[in-house]
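Worksheet for the structure shown next.
In what follows, chains carry the letters A, B, and so on, assigned in the order in which the sequence lines appear, proteins first and then strands, with residues in each chain numbered from 1.
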Amino acid sequence: MAEHNRQEEKLLKLRHSTAHVMAEAVLQLFPDAKLGIGPPIENGFYYDFDLPSSLTPDNLEEIEKRMKEIVKQNHSFKRKIVSKAEARELFKNQPYKIELLDELPDNEEISVYEQGGFTDLCKGPHLDNTSEIDPEGFKLLTVAGAYWRGKERNPMLQRIYGTVWQSAKELRTHLQQLKEIEQRDHRKLGKELDLFSTHEEAGPGLIYWHPKGARIRLVIEDYWRREHLKNGYEILFTPHIGKAQLWETSGHLDFYRESMYSPMKVDEQDFYVKPMNCPFHILVYKSDIRSYRDLPMRWAELGTVYRYERSGVMHGLMRVRGFTQDDAHIICTPEQIEGEILEVLRFSLKMWAAFGFSEIKAYLATRPKKSVGDEKSWSQAVDSLEKAIEAEGLDYEVDEGGGAFYGPKIDLKVKDALGREWQMTTIQFDFNLPERFDMTFVDRDGREKRPYMVHRALLGSLERFFGVLIEHYGGAFPVWLAPLQAVVIPVAPPFNQYAEKVAKKLEDADIRVEASVGEQRMNAKIRDAQNKKVPYMLILGEKERSESTVSIRTRKGEQIKDLKIGECISYIQDKIDKKELL
RNA sequence: GCCAGAAUAGCUCAGUGGCAGAGCAGCUCACUCGUAAUGAGCAGGUCGUGGGUUCAAAUCCCACUUCUGGCUCCA
């Protein structure tokens with residue numbers, strides 16, 4: 001562990017120091033550049049510059065070349081402590097640095113690092129010498145706009161992102177990884193595999209599910225509904241729009257308006273498209289007097305919501321304006337809450353396992369400064385969340401004060417096949433809506449009491465989940481999810497009839513299958529099926545026809561020969577039932 | 001929303017002011033072929049949209065739309 005930390009520490013220094021070298025190179029090439037900040041980040045570093053003109057890819061190459069020269073000059077990184085006045089003199093031409101200086105508390109030690117002719121205001125730590133940077137171990141990747149200190153009112157600087165590693169070999173591995181990420185990009189695969197699209201003429205951030213994508217969604221939804229019904233949930237369907245008054249009661253028009261689509265006027269009334277399902281579920285709750293005997297209520301809905309996202313933030317399926325949440329609301333008594341939370345967490349983990357995700361980390365967000373609800377409820381809520389995480393033995397972090405104003409929450413991040421974390425599941429207390437809607441239940445003592453309410457989405461949204469799923473599997477879905485599970489390929493046209501017969505039998509056994517009886521040659525058909533990432537290709541010719549068998553070729557290229565048709569069907573069905581990859 | 005870049009055939013892309021191209025996919029025809037591309041032919045475009053400059057615009061300029069990389073945002 002100590003060794004691990006030392007490695008981390010070393011990488012951090014390397015990255016931070018390379019950022020300084022880049023800043024030096026930029027200043028040499030553009031003496032008027034004003035420096036922002038340049039920290040190390042995951043896999044590399046960035047540095048922000050205020051420059052009179054925008055940087056081009058050619059500039060990046062120049063900068064990179066200059067950096068290599070600097071590195072080879074073996075400058076040492078020298079740390080110096082200076083007074084505020086000295087620092088101010090040192091950075092008199094660097095307004096952003098002066099701004100940072102001004103904000104440092106007076107008692108704090110001010111350090112600067114110097115290498116070659118370049119000095120930067122910096123806490124450190126750094127390497128001892130530029131020679132510790134492998135000139136073939138780094139690469140500048142992209143240039144992007146970034147607001148000074150992340151504030152929208154501030155000027156926009158140009159940020160150069162770079163990656164740096166201890167050796168050229170590690171850099172190559174990282175670049176290979178970036179290529180792999182690009183290959184698996186759900187937008188690219190979505191097009192190649194004909195899964196979904198968006199349309200310029202119809203509006204951004206709105207997803208069209210094509211037959212193959214929709215097929216996968218159907219399988220996901222079917223599984224989701226069945227599991228919910230098996231786990232004590234009821235399923236609701238609610239409308240897509242509601243009157244302004246409803247959103248006033250819920251508080252959405254006060255706190256969430258900028259994320260909502262503009263209202264439409266119908267019969268002199270303003271109607272809003274729903275950005276959330278909760279108020280609708282609450283209306284169902286309030287349609288009757290509820291007894292403690294009725295609780296807990298667990299109501300789930302695949303509810304399609306629309307939220308206004310700023311134009312620059314949309315991203316494939318991951319960030320959209322219209323999406324379907326796998327939403328549910330649990331309404332229960334305070335005594336029931338601990339058990340309910342534990343059940344939700346268990347259910348969630350089961351769901352993730354089914355879809356092939358096993359590395360999961362929890363993030364517990366507690367009470368922020370501004371919040372509603374009493375102290376006792378909050379601490380009970382946080383307590384039940386924490387207990388559930390611990391009972392499931394999940395790795396977790398606490399985000400102190402990171403909860404919403406209306407309640408604490410657990411978010412789950414799942415790790416995909418490339419080791420990237422995605423925030424998906426959220427389990428969220430709500431002390432606000434039950435109050436606003438005056439939700440009650442009649443308790444054992446005959447008195448009306450306020451129930452607890454928990455929002456939860458396991459997969460998050462179907463769109464985003466689908467995006468993650470595509471990238472996790474690189475488009476090669478496990479058999480149970482694959483839109484097409486098998487293709488029957490005759491070696492030549494005379495066996496078309498037998499191919500169709502086999503396909504029919506699989507179809508009767510609920511396997512999604514096609515007979516490839518076109519005029520192409522067998523090799524072309526195999527290639528075609530391979531490119532579509534169909535799990536199984538069933539090859540057949542004279543031998544198979546005479547013996548009523550097939551030969552399976554998996555998309556990994558493995559062959560299983562001479563299976564009777566019935567054996568082939570049970571083979572595939574078994575893989576489907578067990579939710580295996582192949 | 002902001003900064004920067006991009007948009008050419010269904011897809012991937014070439015084309016820097018002078019007749020709009022290629023490969024794949026599609027269609028037609030031929031072929032009895034055993035585990036990743038058989039061959040030949042045909043068809044396919046208001047060069048994202050609108051305006052401007054020019055004898056002439058895919059190409060230069062302006063606006064808009066959408067996408068990409070970031071920033072910001074995500075009660």
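Straight-line distance between the C1' atoms of B/rG41 and B/rC31: roughly 15 Å, to the nearest whole Å. A gap of 26 Å separates the C1' atoms of B/rU12 and B/rG70, to the nearest Å. Atom P of B/rA58 sits at a distance of 13 Å from the matching atom of B/rG17, rounded to the whole Å. Taking atom C1' on both B/rU16 and B/rA57, the two are 11 Å apart, rounded to the nearest angstrom. Comparing the C1' positions of B/rG26 and B/rG44 gives an interatomic distance of 9 Å, to the nearest angstrom. Rounded to the nearest Å, the gap between the P atom of B/rC47 and that of B/rC42 is 24 Å. Here the separation of B/rC73 from B/rC60, taken at their C1' atoms, is 37 Å to the nearest Å. With P as the reference atom, B/rU46 and B/rG50 are 11 Å apart, rounded to whole Å.
In a base pair of the Watson-Crick type (N1 to N3 plus N6-O4 or O6-N4) or a G-U wobble (N1-O2 and O6-N3), with each distance short of 3.5 Å, B/rA63 is matched with B/rU49. Pair assignment for B/rU68: B/rA4, on the basis of Watson-Crick or G-U wobble contacts that are both within less than 3.5 Å. With a 3.5 Å ceiling on both atom-pair distances, B/rA14 lacks any Watson-Crick or G-U wobble partner. With both pairing distances under 3.5 Å, B/rC19 is matched to nothing as a Watson-Crick or G-U wobble pair. The base-pairing partner of B/rG41, taking Watson-Crick or G-U wobble contacts with both distances under 3.5 Å, is B/rC27.
RNA chain B is contacted by no residue of residues 30-41 of chain A, taking any non-hydrogen atom closer than 4.0 Å.
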### Query
What string of B, S and - do you get for nucleotides 62-75 of chain B, 5' to 3', when a contact is any protein heavy atom under 4.0 Å?
---BSSSBBBBB-B

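Side-chain contact check for A/Trp148 and A/Asp48: no donor-acceptor pair (N or O, by modelled atom type) lies under 3.5 Å. Side-chain contact check for A/Lys561 and A/Thr549: no donor-acceptor pair (N or O, by modelled atom type) lies under 3.5 Å. Between the side chains of A/Trp352 and A/Thr425, at least one donor N or O lies within less than 3.5 Å of an accepting N or O.
Here A/Glu192 lies out of heavy-atom contact (under 4.0 Å) with every strand. Contact annotation for A/Ser551: base contact, defined as any heavy-atom pair under 4.0 Å involving a base atom. Using a 4.0 Å heavy-atom cutoff across all strands shown, A/Asn531 reaches at least one base atom of the nucleic acid.
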Name every donor-acceptor pair, under 3.5 Å, that has one atom in a side chain of residues 539-547 of chain A and the other anywhere in the protein, sequence neighbours excluded.
| from | atom 1 | to | atom 2 | distance (Å) |
| --- | --- | --- | --- | --- |
| A/Glu542 | OE1 | A/Arg545 | NH2 | 3.0 |
| A/Lys543 | NZ | A/Asp562 | OD1 | 3.0 |
| A/Lys543 | NZ | A/Asp562 | OD2 | 3.4 |
| A/Glu544 | OE1 | A/Gly541 | N | 2.9 |
| A/Arg545 | NH1 | A/Pro494 | O | 3.4 |
| A/Ser546 | OG | A/Glu542 | O | 3.3 |
| A/Ser546 | OG | A/Lys543 | O | 2.9 |

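A/Arg553 has a side-chain polar atom (N or O) that falls below the 4.0 Å cut-off from OP1 or OP2 of B/rA36. Considering only side-chain N and O atoms, A/Lys191 lies under 4.0 angstrom from the phosphate OP1 or OP2 of B/rU12.
Straight-line distance from the CD atom of A/Gln183 to the C1' atom of B/rU12: 13 Å, rounded to whole Å. The CD1-C1' distance, from A/Ile526 to B/rU35, rounds to 4 Å in whole Å. In this entry the distance linking CD of A/Gln497 with C1' of B/rU32 reads 16 Å, nearest Å. Here B/rA37 presents its P atom at 12 Å from CD1 of A/Ile489, a figure rounded to the nearest Å. Distance, A/Ile552 CD1 to B/rG34 P: 21 Å, rounded to whole Å. Per the geometry, CG belonging to A/Leu51 stands 12 Å off P belonging to B/rA4, to the nearest Å. For A/Leu563 and B/rU35, the CG to C1' distance is 15 Å, given to the nearest whole Å. Regarding A/Met537, its CE atom lies at a distance of 13 Å from the P atom of B/rU35, rounded to whole Å.
Remark: A/His281 pairs with A/Glu301, A/His329 by the side chain to side chain donor-acceptor pair (under 3.5 Å) rule, at least two apart or across chains. Applying the ring-ring contact (aromatic ring centres under 6.0 Å, His included) criterion to A/Tyr306, with sequence neighbours excluded, gives no partner residue. Among residues two or more places apart in sequence or in another chain, the ring-ring contact (aromatic ring centres under 6.0 Å, His included) test is passed with A/Trp209 by A/Phe466.
Between A/Phe45 and A/His16, a ring centre-to-centre spacing not shorter than 6.0 Å is recorded.
When all heavy atoms of A/Arg553 and A/Ile526 are compared, the pair lying nearest together is NE-CG2, 3.7 Å.
For A/Lys504, the NZ atom counts as loosely surrounded, since its 6.0 Å shell holds 12 or fewer non-hydrogen atoms of other residues, nucleotides or ligands.
When the nearest nucleotides of RNA chain B are assigned to A/Leu55 and A/Glu544 by heavy-atom distance, the more 5′-ward of the two goes with A/Leu55.
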### Task
Please test A/Asn59 against A/Glu62 for side chain to side chain donor-acceptor pair (under 3.5 Å), starting from the C-alpha separation and ending with a verdict.
CA-CA 5 Å; A/Asn59 292 141; A/Glu62 265 180 87; 3.3 Å; yes

